[in-house]
Q: 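Structure provided below as structure tokens; questions to follow.
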Amino acid sequence: MSQDQTLDVPPSFYEKFRHQFWYGKWMWVAAVALFVLSFILWQWFGMNMVQVRTGSTDNRKVLLPDASEVVMDAATTLRYHQHFTETAQREVWLRGAAAFSVVRKPEISRHLKPFVVHTAVLDIIATGTTFKVAAYNHTIQVTLDKGSIHVHFKDKKLPDRLLLPGETLQYSSNSMPVIQAARK
């Protein structure tokens with residue numbers, strides 16, 4: 001064979017399929033199907049969430065699905081699942097200030113089911129207590145009235161803390177957490 005002659009090899013089945021898929025109508029069908037599936041999943045998970053907001057001067061009392069109570073201060077947002085199932089954690093997401101009265105819920109294994117309050121910089125884990133949280137941007141203040149709560153920092157460099165009745169934890173993202181005992 002001379003240099004001017006080339007072998008004319010037909011493309012393989014895989015190359016033909018790949019070319020047809022990515023450059024043909026199938027790419028558009030797959031893209032539309034992915035979009036529709038994403039939309040359905042977003043609707044499904046979004047529909048199961050409840051979001052409560054208070055105005056700049058309002059206070060509001062919210063009864064959660066497990067009978068726990070939340071009293072929200074002004075300019076506060078609280079999100080939670082519409083139903084707390086037996087297998088899922090009891091979780092809420094807070095931005096603002098609120099007072100919590102958490103009901104004790106035993107699990108099947110006789111342990112108490114945790115109640116978790118998620119904020120921007122830390123999570124508060126309770127099982128049956130009353131406490132107050134003020135969570136504005138990266139400044140948090142948690143005051144425990146009765147029972148005990150576990151505070152888990154999202155910054156892995158900080159150790160978790162256990163608060164006892166009357167203690168207040170103050171934390172700003174630019175300083176170390178400080179726990180103060182209540183003055184009597």
Side-chain angles (χ1 to χ4, degrees), residues 38-156 158-173 177 179-182:
S38 299
F39 181 76
I40 290 170
L41 289 174
W42 176 74
Q43 285 292 317
W44 173 258
F45 290 112
M47 296 292 251
N48 291 329
M49 294 295 286
V50 175
Q51 181 167 308
V52 181
R53 290 183 178 170
T54 57
S56 59
T57 59
D58 309 0
N59 286 352
R60 189 172 197 178
K61 186 176 186 177
V62 177
L63 186 63
L64 297 175
D66 68 341
S68 295
E69 291 181 358
V70 181
V71 179
M72 300 168 55
D73 287 351
T76 298
T77 302
L78 180 74
R79 283 188 321 119
Y80 60 92
H81 293 284
Q82 190 172 10
H83 305 287
F84 291 157
T85 62
E86 292 299 320
T87 56
Q89 274 191 350
R90 303 181 294 167
E91 295 179 285
V92 299
W93 288 261
L94 177 72
R95 187 173 57 229
F100 290 86
S101 179
V102 178
V103 174
R104 295 173 81 86
K105 272 290 202 212
E107 282 190 81
I108 296 169
S109 63
R110 295 187 194 145
H111 292 96
L112 292 175
K113 191 169 194 171
F115 181 95
V116 182
V117 179
H118 299 283
T119 67
V121 295
L122 58 84
D123 296 330
I124 301 157
I125 303 157
T127 52
T129 60
T130 57
F131 59 94
K132 296 176 191 77
V133 180
Y136 295 102
N137 294 329
H138 296 288
T139 303
I140 308 286
Q141 180 173 328
V142 181
T143 303
L144 180 62
D145 295 330
K146 66 178 185 177
S148 66
I149 56 176
H150 180 92
V151 178
H152 172 73
F153 293 94
K154 293 181 180 177
D155 181 356
K156 301 296 181 194
L158 298 173
D160 291 356
R161 301 289 178 101
L162 181 68
L163 289 184
L164 299 174
E167 291 183 333
T168 298
L169 179 130
Q170 293 180 343
Y171 174 70
S172 178
S173 59
I179 295 179
Q180 299 174 342

Q: Taking all atoms of both residues into account, what is the closest heavy-atom pair of Ser172 and Thr139, and its distance?
A: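 For Ser172 versus Thr139, the nearest heavy atoms are OG-OG1, 3.8 Å.
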
Q: Measuring from atom CZ of Arg79 to atom CD of Gln51, what distance do you get when rounded to the nearest 0.5 angstrom?
A: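 Answer rounded to 0.5 Å: 6.5 Å.
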
Q: How many angstroms lie between atom CG of Leu169 and atom CD of Gln180, to the nearest 0.5 angstrom?
A: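 Nearest 0.5 Å value for the CG-CD distance: 9.5 Å.
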
Q: How about Met49 and Gln82: do any of their side-chain heavy atoms sit closer than 4.5 Å?
A: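 Not in contact.
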
Q: Where is the tightest heavy-atom contact between Leu94 and Ala135, given as atom of each residue plus distance?
A: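 Heavy-atom minimum between the residues: O-CB, 4.4 Å.
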
Q: Got Phe131 and Val117 here, is their nearest side-chain heavy-atom distance under 4.5 Å?
A: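 Touching, per the 4.5 Å side-chain cut-off.
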
Q: Please report the shortest heavy-atom distance between His152 and Ile125, naming the atom on each side.
A: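 So the minimum-distance heavy-atom pair works out to CB-CD1, 4.4 Å.
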
Q: Do Arg90 side-chain atoms and Lys113 backbone N/O form a donor-acceptor pair below 3.5 Å?
A: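 Yes, the answer is positive, given that a donor and an acceptor are paired below the 3.5 Å cut-off.
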
Q: Do the non-hydrogen side-chain atoms of Val133 and Ile124 ever get within less than 4.5 Å of each other?
A: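 Of all side-chain heavy-atom pairs linking Ile124 with Val133, at least one is under 4.5 Å.
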
Q: Using modelled atom types only, decide if a donor and an acceptor are shared between the side chain of Lys154 and the backbone of Thr119 within a distance under 3.5 Å.
A: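 Yes.
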
Q: Taking atom NZ as the centre, does Lys146 end up with more than 12 heavy-atom neighbours from other residues, nucleotides or ligands that are less than 6.0 angstrom away?
A: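 Not buried by this count: 12 neighbours or fewer within 6.0 Å.
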
Q: Please report the shortest heavy-atom distance between Gly147 and Thr129, naming the atom on each side.
A: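 Looking at all heavy atoms of both residues, the closest pair is CA-CG2, 3.7 Å.
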
Q: Where the side chain of Thr54 meets the backbone of Thr76, is there a donor-acceptor pair that is under 3.5 Å apart?
A: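 Looks like yes, one N/O pair under 3.5 Å.
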
Q: Should we count CZ of Arg60 as having more than 12 external heavy atoms under 6.0 Å?
A: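 Open: at most 12 neighbouring heavy atoms sit under 6.0 Å from CZ of Arg60.
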
Q: What's the separation between atom CG in Asp123 and atom CD1 in Ile149, rounded to the nearest 0.5 Å?
A: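 Going from CG on Asp123 over to CD1 on Ile149, the span is 12.0 Å.
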
Q: A quick test of your reading: do over 12 heavy atoms of other residues, nucleotides or ligands sit less than 6.0 Å from CG of Asn137?
A: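 Atom CG in Asn137 is not packed in, count stays at 12 or less.
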
Q: Any non-hydrogen side-chain atom of Leu64 less than 4.5 Å from a side-chain atom of Val62?
A: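 Yes, side chains in contact.
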
Q: CG/Asp145 to CG/Leu163 distance, rounded to the nearest 0.5 angstrom?
A: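 So the CG of Asp145 and the CG of Leu163 are separated by 11.0 Å.
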
Q: Could you give the distance from CG (Leu63) to OG (Ser101), rounded to the nearest 0.5 Å?
A: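 The OG atom of Ser101 is 10.0 Å from CG of Leu63, to the nearest 0.5 Å.
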
Q: Minimum heavy-atom separation for Gly96 and Tyr136, please, with both atom names.
A: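 So the two residues come closest at CA-CE2, 3.6 Å.
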
Q: Can you establish whether the number of heavy atoms outside His138 located under 6.0 Å from its atom NE2 is more than 12?
A: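 Check fails, neighbour count at 12 or below.
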
Q: Less than 4.5 Å apart, any side-chain heavy atom of Asp66 and any of Phe115?
A: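 Of all side-chain heavy-atom pairs linking Phe115 with Asp66, at least one is under 4.5 Å.
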
Q: Taking the inter-plane angle between the rings of His118 and Trp93 on a 0 to 90° scale, is it parallel (under 30°), tilted (30 to 60°) or perpendicular (over 60°)?
A: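 Correct class here is parallel.
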
Q: Under 3.5 Å, side chain of Ser68 to main-chain N/O of Val103, donor-acceptor pair present?
A: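 Present.
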
Q: Return the CD to CG distance between Glu167 and Leu144, rounded to the nearest 0.5 Å.
A: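 Nearest 0.5 Å value for the CD-CG distance: 7.5 Å.
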
Q: At their closest point, which heavy atom of Leu158 faces which heavy atom of Pro177, and how far apart are they?
A: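 Residues Leu158 and Pro177, closest heavy atoms: CD2-CD, 4.0 Å.
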
Q: Show, in sequence, the C-alpha distance, side-chain angles and deciding distance for Gln170 and Thr168, and conclude whether the side chain to side chain contact (heavy atoms under 4.5 Å, CB included) test is met.
A: CA-CA 6 Å; Gln170 293 180 343; Thr168 298; 4.2 Å; yes

Q: With side chains defined as the heavy atoms from C-beta onward, is the minimum distance between Phe153 and Arg161 less than 4.5 Å?
A: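 Yes - at least one pair of side-chain heavy atoms lies under 4.5 Å apart.
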
